[in-house]
J.: 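Let me give you the structure first, and then I'll get to my questions.
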Amino acid sequence: MNRARTGGAIALAGAAAIAVVVGLASSAQAATTLGASAADKGRYFGTAVAAYKLSDATYSGILDREFNMITPENEMKWDATEPTQGQFSYGSADQIVAHANAHGQRMRGHALAWHSQQPSWAQNMSGTALRNAMVNHITNVATHYQGKIYAWDVVNEAFADGSGGGRRDSNLQRTGNDWIEVAFRTARAADPGAKLCYNDYNTDGQNAKSNAVYAMVQDFKARGVPIDCVGFQSHINSGSPLPSDYQANLQRFANLGVDVQITELDIAGSGTAQASSYASVVKACLAVSRCTGITVWGIRDSDSWRSGDTPLLFDNNGNKKASYTSTLDALNAGGTSSPPPVSTSPSRSTSPSPSVSPSVSPSNPGGGGGNGCTATTSVNQWQGGFVVTVRVTAGAAAINSWAVGLTLPSGTTVTSTWNVTRSGNTWSNVSYNGHVNAGQYTEFGIQGTGTAGTLSPTCSGS
Ligand code: G2I
């Protein structure tokens, strides 16, 4: 990419894309839907979906024809999934996931930790209680959807607007500056196969806010905090216009070693101007090899959270707008750079990288002979609470069951566990994770209050 020219070029990109594609549109090869065209470029094209609209035939007809990625607009948020503390409610979100499964669409999960749309019980919490509640929430929701989510917005909108470049004040922020990395580590432990994203708005160009996010991502990558992607919401309107350095901004994040995604695109306006801006966004994403996909924040204008801005690709009756055509044409015309690796799931192993947690205590090999295993622990400690991730690695032969001996220090209380059954100080496999191939590993988690300290796990396998 020619960075120096990006600023000027992008304003013209939309019009250029429209012009270029007049010819291509009639070509036999041009894809005729957004999802198919994006897929041709190794990307996805998604939309936000509201569960209660799925019974609207016009709505679902467009959804299933055009889109191959779905973000629940509200159904996976904290207030929806844990309306009462400890009581999880997945009905509407499950409905969307079932729809996606039935129609070959993938899911973006949105959003595990956010200052907004918290249930009232969480809004009234602070300190350790809130931190523990957040960890428990993330663990439960990400575990419920384990294996079903392409990418999670783990943390949403944690940075302040304006020139300060700092964190947004919130009850979560006041639990300690490390709340974001704790959220990411917790999500990784619960669903190791999901890409983990930080998502925000007003970060679409280079500014104090995006610089602050950039510094955080850089720091996370340097310290091994598990982050895989950054979402750029891209709610574009006259007060928040499409920045001239949109593509350059995506590229600088991609250069940090994360995927970038356009996560909530809508553009106020109409006609050619709106169509041109949509094409510019598409062109920018296609020009950044790690820009893996685009999601628009709703289907018809009437579905939008800002319906008065007519910001989407279909009119209130479900007819394609000029912006739809410019978007499809830009997708079909794109592909000037090498596409990102095509995969339907993250390319990592199904287990988190060893670097996700700050401390690792090796264990004694257990069992002996060919059926041995080792257990190692990674402790994520904050004031008053912890998450221990225990990794069970099979030795030279596969094992069909395992038991980890692990004694937590006095003064600790276990508040939740996952992927494990406990009997005193013995932690054993559950039905689905007993079998571990030679040299491979599985992980389980323990969340508690108090201080975990240095742990010395043992392992026996059979
Ligand atoms: O605000 C636009 C988006 C900004 N980024 C994060 C997104 O999660 C956010 O989405 C919007 C939804 O599109 C709205 O539908 O988030 C809003 C809440 O912050 C959603 O609005 C809420 C209304 O405020 C509630 O009164 C309503 O009960 O939608 C709820 C469910 O319809």
Side-chain angles (χ1 to χ4, degrees), residues 46-56 59 63 67 69-84 89-96 107-123 134 137-138 141 145 149 151-161 167-168 170-173 180 183 187 196-204 209-210 213 229-242 260-268 281 293-314 316:
T47 183
V49 160
Y52 74 91
K53 292 178 184 165
L54 288 171
S55 56
D56 172 339
Y59 184 85
L63 171 62
F67 299 98
M69 185 71 76
I70 291 178
T71 306
E73 187 171 359
N74 290 296
E75 292 78 351
M76 286 188 181
K77 292 172 180 175
W78 198 350
D79 59 352
T81 49
E82 196 182 359
T84 303
S89 147
Y90 296 116
S92 300
D94 283 355
Q95 202 188 330
I96 297 177
M107 294 293 306
R108 290 193 84 264
H110 174 82
L112 291 171
W114 188 23
H115 67 275
S116 183
Q117 281 182 280
Q118 293 180 3
S120 52
W121 61 265
Q123 288 175 35
M134 177 193 82
H137 177 75
I138 293 172
V141 177
Y145 290 111
I149 304 291
W152 265 112
D153 290 331
V154 177
V155 170
N156 195 39
E157 302 176 1
F159 282 81
D161 293 308
R167 295 281 183 87
R168 172 195 297 277
S170 72
N171 58 348
L172 288 169
Q173 178 62 31
I180 299 181
L196 305 182
C197 302
Y198 176 78
N199 189 52
D200 215 328
Y201 67 90
N202 281 351
T203 49
D204 307 316
K209 187 173 177 180
S210 67
V213 176
C229 37
V230 176
F232 298 83
Q233 294 185 7
S234 305
H235 294 294
I236 306 298
N237 54 53
S238 56
S240 184
L242 188 63
V260 294
Q261 301 168 356
I262 315 302
T263 52
E264 303 182 14
L265 179 63
D266 51 19
I267 303 177
V281 169
I294 299 173
T295 295
V296 288
W297 205 240
I299 297 179
R300 300 160 300 197
D301 283 335
S302 50
D303 298 316
S304 171
W305 68 300
R306 287 177 164 168
S307 55
D309 287 348
T310 62
L312 295 173
L313 301 178
F314 296 87
N316 295 354

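Just follow the structure's listing: the first ligand is 1, and inside any ligand the first atom is 1.
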J.: Indicate whether atom 25 (C) of ligand 1 is within a distance of less than 4.0 angstrom of some protein heavy atom.
T.: no
J.: Below the 3.5 angstrom mark, is there an N/O of W114, backbone or side chain, next to an N/O of ligand 1?
T.: no
J.: Tell me: protein heavy atom nearest atom 10 (O) of ligand 1, and distance?
T.: W297 NE1, 3.3 Å
J.: Using a plain distance cutoff, I'd like to know if W305 has any nitrogen or oxygen under 3.5 Å from a nitrogen or oxygen of ligand 1.
T.: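 There is no such contact.
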J.: Measure the distance from atom 19 (O) of ligand 1 to every protein heavy atom, then report the residue, atom name and distance (to 0.1 Å) of the closest one.
T.: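 Atom 19 (O) of ligand 1 sits closest to the protein heavy atom Q117 OE1, 3.2 Å.
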J.: Pick, from E264, K77, R306, the option with the minimum heavy-atom distance to atom 11 (C) of ligand 1.
T.: K77
J.: As a test of the contact definition, would atom 29 (O) of ligand 1 count as having a protein heavy-atom neighbour under 4.0 Å?
T.: yes
J.: May I ask you to list the atoms of ligand 1 that are less than 4.0 angstrom from any heavy atom of H235?
T.: 3 (C), 4 (C)
J.: Of all the non-hydrogen atoms in the protein, which one sits nearest to atom 12 (C) of ligand 1, and at what distance?
T.: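 Atom 12 (C) of ligand 1 sits closest to the protein heavy atom E73 OE2, 3.4 Å.
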J.: Using a 4.0 Å cut-off to any heavy atom of N156, which atoms of ligand 1 qualify?
T.: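 The atoms of ligand 1 under 4.0 Å from a heavy atom of N156 are 6 (C).
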J.: Under the salt bridge (Lys or Arg N to Asp or Glu O under 4.0 Å) rule, collect the residues that match up with D301, sequence neighbours excluded.
T.: K321
J.: Could you tell me whether the side chains of D153 and W114 share a donor-acceptor contact shorter than 3.5 Å?
T.: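 Short answer, no.
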J.: Tell me, please, which residues at least two apart from D161 pass salt bridge (Lys or Arg N to Asp or Glu O under 4.0 Å).
T.: K209
J.: Are H110 and W152, when compared by the centres of their aromatic rings, separated by less than 6.0 Å?
T.: no
J.: So, for atom 8 (O) of ligand 1, does the protein have a heavy atom nearer than 4.0 Å?
T.: yes
J.: Any heavy-atom pair between the side chains of D56 and R300 that's under 4.5 Å?
T.: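 Result yes, sub-4.5 Å side-chain heavy-atom pair found.
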J.: Looking at atom 21 (O) of ligand 1, what's its closest protein heavy atom, distance included?
T.: N74 OD1, 4.2 Å
J.: Looking only at the aromatic ring of each residue, does the gap between the centers of Y59 and F314 stay below 6.0 angstrom?
T.: no
J.: Please name the residue in the list D266, T295, N156 that meets the side chain to side chain donor-acceptor pair (under 3.5 Å) test with Q233.
T.: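 Among D266, T295, N156, the one meeting side chain to side chain donor-acceptor pair (under 3.5 Å) with Q233 is N156.
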J.: Go through the steps for Y201 and F232 under the test ring-ring contact (aromatic ring centres under 6.0 Å, His included), then give the verdict.
T.: CA-CA 6 Å; Y201 67 90; F232 298 83; over 10 Å; no
